[in-house]
Amino acid sequence: MFTMLFKLVVVAGCFGVFQLLLRVYRHLTSPLRSVPGPFLARFADVWYLWALKKANFEVVNKELHKKYGPIVRYGPNRYSFDDLTATKTIYGHGSQFKKSDWYGAWNRPDTWNLFAEQDILKHSKYRRQYQNDYSMSSLVEYEPFVDECAALFDQRLQELSQSGLPVNMAHWMQCYAFDVVGCITYSKRLGFLDQGLDIGGFMTAINNGLIYSTLAGVYPFSHPYLFGAISRFGGGGIGYVINFTMQSIAEHQAPAKVVDEDEKPAPGKSRDFLSKFVARHHKNPDTFTTLHIIQGCAANMVAGSDTTAISLSAILYYLLKNPETFAKLRQEVEEAQRASGTASKDISFKQSQEMPYLQAVIKEALRLHPATGLPIERVVPAGGATIAGRFFPEGSIVGVNTWIEHRNPRVFGEDADAFKPERWLSDDAEKISFMNRHWMPFGLGARTCIGRHISHLEISKLIPRLVRDYDFELSDDVAKNGWHTDNYWFVKPKNFIVRVVARKGL
Ligand code: HEM
């Protein structure tokens, strides 16, 4: 027994020494060895894992660039950029940079989803199959769902105002965003706004999934084993969402008739994603399979809820931190409402698009607080590539973090850290177009967010309503020290504590 144990220790020790020597050798012979970064990051990804665990990588990433310059390493083969040309090279039109293996942990092993798919050709095939359902022209179908949730949110805020109690607005924004996504996907509110609670632990499951995938993605080979083990013990965010999706599909299909994909919905009637997917499946069962239905619905829930909730919180947070901006926006909304001559509480999407200050406020908040906060990793394709003036061989993992890009003073000026919606309303068209090219809260290129118009719909309709109908008082702590966030890919506010006060006479 003792000899056996001794042998195991010796084998493990030899393996460890071999790994260490191999890593040192690889680093010393790498053409990129002079790229600066933390010492441990030269040899092992464990540095990145450790940094991610602290849940503030958007801050760490900034410090790295401050200390080491425009190109830094955050792993033996991982490079982050703070450079004006890098985004175009990595994500630009026709880019052959595929997603890195980190994305592998955002899926159930042995299957695919639109967000995690790494193969460029497969991804573009899948994307074409879903594209129409997310287009600008399909928004009109989803608008009644958003109105329904916005009205219910309004009821809850009235009650919260009467109670006078402090509330965590980040939670309520989640309730709204999750219920909207449930409605547009299944015609079914999941009930978060009804009860103000995390019904069935759904939000927690998604949050656990975010933490898991963010960390497991650093060592993607571990994912099939970890995922299997976690699922066996009943945990695992992705597994939970897929099970929930299958259950929702079963419930939805029981009473529903299959609609014809090419049939336009009756006036005033909306068709949810699931109905469209099922219709497409019945028309082309071999190319649009049941897996397409499941993955399409699940992607909406995972990619579309927290991101929108975070963005809504960020917009309100920056408005509350800047009362003069809040007042200016309220004035715009009230004038638009007077001009429209309607007394409806709903703000139509069309109306919201005619409010330039509102649009500037949204853009500026998403610049200062983009929902994702890690380098958006891609792999340098065959033949290598020159990025930010330096050659990177094939297989290098490269990425730009939106938090770095959005705060670049060479793009946004010396006041890049300040909340100034006015910067988007300048007469200088060239400057606006330059800033637009570096504004990337929804990512860039072929992998840009497919749901961005939907989130724009949700945001544009809710924010003016809140600003028009309520006053909000930040808690002393948040007013003084700012809010706290956690970054596991999504940079989520934790303590957005406010008191809601309904305006009288509205
Ligand atoms: C403000 C809200 C949102 C933000 C900030 C956001 C952000 C992003 C970003 C940055 C990406 C690209 C990630 C990458 O390249 O790694 C992405 C992709 C994606 N988003 Fe969003 N998103 C939002 C809302 C939504 C909504 C509402 C949906 C669905 C209803 C959605 C569905 C997706 C999907 C399916 C992808 C993968 C697209 C592909 O790879 O082709 N997102 N999102």
Side-chain angles (χ1 to χ4, degrees), residues 87 90-91 95 97-107 112-120 122-131 133-135 138-139 142 145-146 173-174 176-186 213-214 217 241 272-274 276-277 292 295-315 362-363 365-379 397-403 405-406 439-460 462-463 489-492:
T87 45
I90 299 172
Y91 312 102
S95 159
F97 289 60
K98 64 173 190 163
K99 284 195 167 184
S100 74
D101 285 348
W102 179 78
Y103 288 91
W106 289 84
N107 202 5
W112 59 268
N113 71 43
L114 192 64
F115 172 75
E117 181 57 55
Q118 289 174 260
D119 185 286
I120 291 182
K122 280 190 195 158
H123 168 264
S124 88
K125 191 179 95 193
Y126 296 142
R127 178 121 178 171
R128 274 197 304 277
Q129 292 178 299
Y130 289 111
Q131 189 89 29
D133 307 318
Y134 295 86
S135 65
S138 63
L139 289 192
Y142 306 128
F145 291 128
V146 180
M173 292 302 198
Q174 270 188 306
Y176 167 77
F178 274 75
D179 266 347
V180 172
V181 169
C183 276
I184 62 170
T185 308
Y186 309 112
S213 302
T214 299
V241 174
D272 56 45
F273 274 88
L274 181 52
K276 293 179 185 182
F277 292 162
H292 283 76
Q295 297 296 35
C297 292
N300 280 6
M301 304 308 295
V302 177
S305 311
D306 272 327
T307 43
T308 306
I310 292 167
S311 305
L312 282 165
S313 288
I315 296 162
I362 295 173
K363 211 150 190 189
L366 267 60
R367 179 182 74 81
L368 283 181
H369 192 113
T372 67
L374 303 179
I376 300 181
E377 289 187 348
R378 299 291 187 265
V379 181
I397 297 173
V398 293
V400 175
N401 187 333
T402 41
W403 282 71
E405 189 76 0
H406 284 184
W439 185 78
M440 49 182 286
F442 297 104
L444 286 175
R447 305 306 294 258
T448 192
C449 175
I450 201 168
R452 64 195 182 283
H453 300 311
I454 293 176
S455 71
H456 196 49
L457 173 77
E458 294 178 55
I459 293 171
S460 296
L462 185 71
I463 292 294
W489 179 230
F490 295 161
V491 187
K492 279 191 185 188

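In what follows, residues are counted from 1 in the order of the sequence shown. Counting starts at 1 for both ligands and their atoms, in listed order.
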Fill in: Donor-acceptor pair, side chain of Q295 and main chain of W112, under 3.5 angstrom
yes
Side chain S138, main chain D133, donor-acceptor under 3.5 Å | yes
For atom 30 (C) of ligand 1, the closest protein heavy atom turns out to be N300 OD1, 3.6 Å
Note: I376, heavy atoms under 4.0 Å from ligand 1, region reported as side chain
Per-atom filter on ligand 1: closer than 4.0 angstrom to a heavy atom of A371 are 5 (C)
Note: R452, heavy atoms under 4.0 Å from ligand 1, region reported as neither
For L139 and H453 the tightest heavy-atom approach is CD1-O, 3.7 Å
Counting from 1 in the order shown, the ligand 1 atoms closer than 4.0 Å to a non-hydrogen atom of H123 are 39 (C), 40 (O), 41 (O)
Nearest non-hydrogen protein atom to atom 32 (C) of ligand 1, with distance, is A303 CB, 3.5 Å
Margin query: Tell me if a side-chain donor or acceptor on H369 pairs with a main-chain N or O of S311 at a distance below 3.5 Å.
Written below: no
The answer for which part of P441 has a heavy atom under 4.0 Å from ligand 1 is backbone
Check: P370 main-chain N/O paired with W403 side-chain donor or acceptor under 3.5 Å:
yes
Audit row: T308, F178, side chain to side chain contact (heavy atoms under 4.5 Å, CB included) steps and yes/no: CA-CA 9 Å; T308 306; F178 274 75; over 6 Å; no
In ligand 1, the atoms that come under 4.0 Å of a heavy atom of S455 are 1 (C), 2 (C), 24 (C)
If you scan protein heavy atoms around atom 35 (C) of ligand 1, the nearest is I450 CG2, 3.5 Å
Among non-hydrogen protein atoms, atom 11 (C) of ligand 1 lies closest to F442 O, 3.9 Å
- Task: Return yes if some donor-acceptor pair links the side-chain N/O of T185 with the main-chain N/O of F273 below 3.5 Å, else return no.
- Result: no
Is there a donor-acceptor pair closer than 3.5 Å between any side-chain N or O of Y91 and the backbone N or O of V400? yes
Aromatic rings F490 and W106: how do their planes relate, parallel, tilted or perpendicular, breaks at 30° and 60°?
-> tilted
Just by distance, do the side chain of R378 and the backbone of G399 share a donor-acceptor pair under 3.5 Å?
-> no
Short version for K99: what comes under 4.0 Å of ligand 1, heavy atoms counted, is side chain
re atom 12 (C) of ligand 1, the protein heavy-atom contact at minimum distance is R447 O, 3.4 Å
re atom 26 (C) of ligand 1, the protein heavy-atom contact at minimum distance is G304 CA, 3.3 Å
Going by the 4.0 angstrom heavy-atom rule, the piece of R378 near ligand 1 is side chain
Side chain of W102, backbone of T214: donor and acceptor closer than 3.5 Å? yes
shortest atom 37 (C) of ligand 1-to-protein heavy-atom contact is with F115 CA, 3.6 Å
Taking only non-hydrogen atoms of S311 and a 4.0 Å limit, the atoms of ligand 1 in range are 1 (C)
Under 4.0 Å between heavy atoms, the region of R127 that gets near ligand 1 turns out to be side chain
* Does Y126 have a heavy atom less than 4.0 Å from any atom of ligand 1? -> no
message = Looking at K492 and A309, would you say the former's side chain and the latter's main chain have a donor-acceptor pair under 3.5 Å?
response = no
min-distance protein heavy atom vs atom 21 (Fe) of ligand 1 -> C449 SG, 2.3 Å
